[in-house]
Each structure stands twice: as structure tokens, then as C-alpha cells.
Amino acid sequence: MRDAIQSDLSTDLLDWYDRNARVMPWRVGPGDRAAGVMPDPYRVWLSEVMLQQTTVAAVRDYFTRFTTRWSTVQALAAAPDDQVMGEWAGLGYYARARNLLKCARVVADDYGGAFPDTYDALLKLPGIGPYTAAAIAAIAFDRPETVLDGNVERVMARLHDIHEPLPGSKPVLKNKAAALTPNTRPGDYAQAVMDLGATICTPKSPACGICPLRDPCQARAAGTQTDLPRKTPKKPKPTRYGHVYIAQREDGALLLERRPDKGLLGGMLGWPGSDWSDTPVNTPPFSADWQELAGEVRHTFTHFHLILRIWTAPLPAGLHPHRLIVLDKHAFRPSDLPTVMRKAHDLWRNR
DNA sequence: CACACGTGGTG
DNA sequence: TCACCAAGTGT
């Protein structure tokens, strides 16, 4: 039995969370959870997948639109692929959307619409890796699993003043995080430690003065907090070039393509175009008097910069190039495009 | 293990 | 302007 006077780190963190928990559309706050309210696993799963490498601010509206349009995993599983990809457009990492649908269909078809409630079973589902499996098990099912995301890595590296760089230090950080994971309120605890990293123990200017872990924090004692966690240096981004072709019919219809499932922007709607390379081959989708627009589209992906030239031509009535999509004026929504393609559309529209 | 995979905010 | 960074996963 733990001494009621002595407070350990996880208790301090939970106390802090009880006072500072941020309100989010997918979250059941500590007060409601204490009253027996459990989160909807569908909403926990959807939010966690959206939050992979993505900020809360960027996710909020997407989450609301998704849950308004598809309120259950069965509803999502029954949705056409292009509607889900269109709703995800702009959020990035589009493999998440493809895996989201795969996962929804497995849960609907093989689990009767009820998400599995263990780490091991969750980990087998598409798009659910070690972090997300632990997060769903902890948050949705209150299992004492240890979440290890960028926030927790930073908090643990600082708390224990660990100087070994990521990703090599990941196993050590995971052990440290596991040692702190409590058996009581593990769902609130998982959110507490991530909230701490997101709001107090931030990468650039941590607010150590108001941190609930300021006393035991070894990096703060050593003055090394802003140097941690160390990371192995990243490779420089090369610049690639490309051409895109925007053709419009007199009635307003536009010529687009559905990108292949594999690779960059996989499964997304886009403009037909060249390869993206040092010296892209300028090969329009049909013969016409293509005009090059003034200006260019600049966009940065995870691992390269891209500069696109935009070409335009009238689309002859009756022409429908093989494997391309002719979208009626009213069926085309710019918001269905990934951001780089939307930038090209903006440049063309304002020509 | 290293790399591919988006985007928007921040300093 | 630009590198870094965000509730990572799949290959």
C-alpha cells in the first residue's frame, strides 16, 4: 500500500491533468470519466489516427466533419473510397486514410463493429502501430498500456536527462515511460503525459516554472532541457520539378486523375502531370495548344521540395483521355484535392 | 534499420 | 526564408 502522503510522479501528473485537461471533441474529460463515462472507441481510434504526426489544431475540424458524416465505424466502412479520400484531403499522409477504410471494414466485417480491446489485437489492424494500439487500449478501454509518442519521448528524455539520440534511445525511453504508467486511471494518465508534453514540456521553450514534474526533472537540474531529446541529423531535401496540366471544357468540366494507391498522394484526386524529377518530361494528356501560366507552384513534402509549372488548354467536347476523369463542374470540389494540387488549381483559377 | 510518406505553424 | 516540429506506420 502506498503512503497516502507520499505522491509519486504519475499521481502528480494525474492531479495536474485533473486541473488542466484540455477540452477536445473526441475526449471524455477526467470528471466525466470518474463518473463512469467511457469514450466511444470509434472516436478514439479516428482521433488517434488523425493525430499521427499531426497537430490538434489541424485535426479538430476534420474530426468533426468525419464524425458528422459517418457517426459509426459501420457507416464509415460502408462509405465509398473517393468520399473518404476527399474528406481527408488536406490533412496529409494519405496512407492513413486508405488504412482507415481498410481498418473500418475489418472491424465492421470481422468484429461486428466493436473494436478489439487489447493491445495485441489492435496492433494487427491496418494503420494501427505500437503507439496507436497503446493509446486506444489505454484511452478507450482503460488498460495500463504505455503510450510512447513524440511528447512522451521528450518528457522522458528530460525527466531522466537522457542524452542518447533518437531513434536509438527509444527502447530506453519506453522503459522509463512504462515504469511510470499507473494501474489506476491509465487512460487519463496517457492523455496527461501527452498533454504535458504538448503544453508545458514543449520542444523549444518549456515552461519548467509551472511544470508538475519540475522537482524530479533531471534535465532541469542539469540545465539541459532545451537540448533534449537529441535526434540524429536529417538529410537535406532535394528540389524536384514537374508539370501539371489543367484542361477545362466549355461547360466547365475539368480533366483529373485518380492517383494510384501506392506512393505519394496515393489514392487522391489530382491533375494529370509529368514525373517529378530534375528534368521532368513535358507530356500533356492530349494534343492541343497548351499555354504555360505565369508563376509556379512551390510545395514542400516530407523529403523534397517541389516546383511545378502549370499548363492549360481547352478540353474538346467529347474527348475523354484513357484512365483520366472528366469531372462535371458541379461535381468538382477543390477541397477534395491534396494541398499541392489545390495550389495548382488556385494558380490556374486566378490566371 | 532507414526511408517514404503531407501539411501548417513556429522561431 | 527556412529548418524544425506534431498524439507514427508500413515496407
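Naming: A, B, ... by sequence-line order, numbering from 1 per chain.
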Chemist: Any side-chain N or O of A:Arg154 below 4.0 angstrom from OP1/OP2 of C:dA6?
Modeler: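 Yes.
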Chemist: Would A:Ser335 and A:Arg342 count as having a side-chain donor-acceptor pair, cut-off 3.5 Å?
Modeler: no
Chemist: Rounded to the nearest angstrom, tell me the gap between atom CG in A:Leu125 and atom P in C:dG10.
Modeler: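 After rounding, the gap between these two atoms is 10 Å.
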Chemist: At less than 4.0 Å, is any side-chain N or O atom of A:His299 found next to OP1 or OP2 of B:dT7? Yes or no.
Modeler: yes
Chemist: Looking across every strand, which nucleic acid part, if any, lies under 4.0 Å from A:Lys231 by heavy atom: base, sugar-phosphate, or nothing?
Modeler: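 Contact class for A:Lys231: sugar-phosphate only.
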Chemist: Using a heavy-atom cut-off of 4.0 Å across all strands, would you classify A:Arg27 as base, sugar-phosphate, or nothing?
Modeler: base
Chemist: For nucleotides C:dT11 and B:dG6, find the distance between their P atoms and express it as a whole number of Å.
Modeler: 14 Å
Chemist: Could you state the CD-P distance from A:Glu87 to B:dG6, rounded to the nearest angstrom?
Modeler: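 So the CD-P distance, A:Glu87 to B:dG6, works out to 18 Å.
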Chemist: Tell me, which pairs form a salt bridge (Lys or Arg N to Asp or Glu O under 4.0 Å) where one or both residues lie in residues 304-323 of chain A, sequence neighbours left out?
Modeler: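 Qualifying pairs, neighbours excluded: A:Glu292-A:Arg309, A:Glu296-A:Arg309.
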Chemist: Base, sugar-phosphate, or nothing for A:Val56, non-hydrogen atoms under 4.0 angstrom?
Modeler: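 Contact class for A:Val56: base.
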Chemist: Once you apply a heavy-atom cut-off of 4.0 Å, does A:Gly90 come out as touching a base, just sugar-phosphate, or nothing?
Modeler: sugar-phosphate
Chemist: Please determine, by modelled atom types, if A:Asp227 and A:Gln225 share a side-chain donor-acceptor pair under 3.5 angstrom.
Modeler: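 The answer is no; no qualifying pair exists.
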Chemist: Of the listed nucleotides (B:dG6, C:dA3, C:dT11), which one gets closest to any side-chain atom of A:Lys262?
Modeler: C:dT11
Chemist: Could you please name the option among C:dT9, B:dG6, B:dG8 that lies closest to any side-chain atom of A:Thr339?
Modeler: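 My answer, after comparing the listed nucleotides, is B:dG8.
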Chemist: Give one of base, sugar-phosphate or nothing for A:Leu91, where a contact means two heavy atoms less than 4.0 Å apart.
Modeler: base
Chemist: Under 4.0 angstrom, heavy atoms only, what part of the nucleic acid is A:Pro130 near: base, sugar-phosphate, or nothing?
Modeler: sugar-phosphate
Chemist: Establish, with yes or no, whether the OP1 or OP2 oxygen of C:dG8 is under 4.0 angstrom from a side-chain nitrogen or oxygen of A:Gln53.
Modeler: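 Yes, such a contact exists.
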Chemist: Select one nucleotide: of B:dG11, B:dA4, C:dA6, the one nearest the side-chain heavy atoms of A:Lys204.
Modeler: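 Taking heavy atoms from C-beta onward, the closest nucleotide is B:dG11.
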Chemist: May I ask you to verify if any side-chain N or O of A:Tyr93 is less than 4.0 angstrom from the OP1 or OP2 atom of B:dA4?
Modeler: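 False: A:Tyr93 side-chain N/O out of range (4.0 Å or more) of B:dA4 OP1/OP2.
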Chemist: Using a strict 4.0 Å threshold on nitrogen-to-oxygen distance, state whether A:Arg33 and A:Asp142 make a salt bridge.
Modeler: yes
Chemist: Answer with yes or no whether the side chains of A:Tyr62 and A:Glu87 bring together a donor and an acceptor at under 3.5 Å.
Modeler: no
Chemist: From the options C:dT9, B:dC3, B:dT7, select the nucleotide whose nearest atom is closest to the side chain of A:Lys235.
Modeler: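 For the A:Lys235 side chain, the nearest candidate turns out to be B:dC3.
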Chemist: Taking the side chain of A:Asp149 as heavy atoms from C-beta outward, which of B:dC5, C:dG8, C:dG10 is closest to it?
Modeler: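 Selected nucleotide (nearest to the side chain): C:dG8.
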Chemist: When we call it a touch if two heavy atoms are under 4.0 Å apart, what does A:Gly266 touch: a base, just sugar-phosphate, or nothing?
Modeler: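 No contact.
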Chemist: Assign each of A:Leu51 and A:Ile128 to its nearest nucleotide of DNA chain C by heavy atoms, then name whichever residue's nucleotide is nearer the 5' end.
Modeler: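 Final value for this comparison: A:Leu51.
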Chemist: Nearest to the side chain of A:Gln52 - B:dT7, C:dT9, C:dA6?
Modeler: C:dT9
Chemist: Verify the contact: side-chain N or O of A:Thr300 to OP1 or OP2 of B:dT7, cut-off strictly under 4.0 Å; return yes or no.
Modeler: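 For A:Thr300, the contact criterion (side-chain N or O under 4.0 Å from OP1 or OP2 of B:dT7) is not met.
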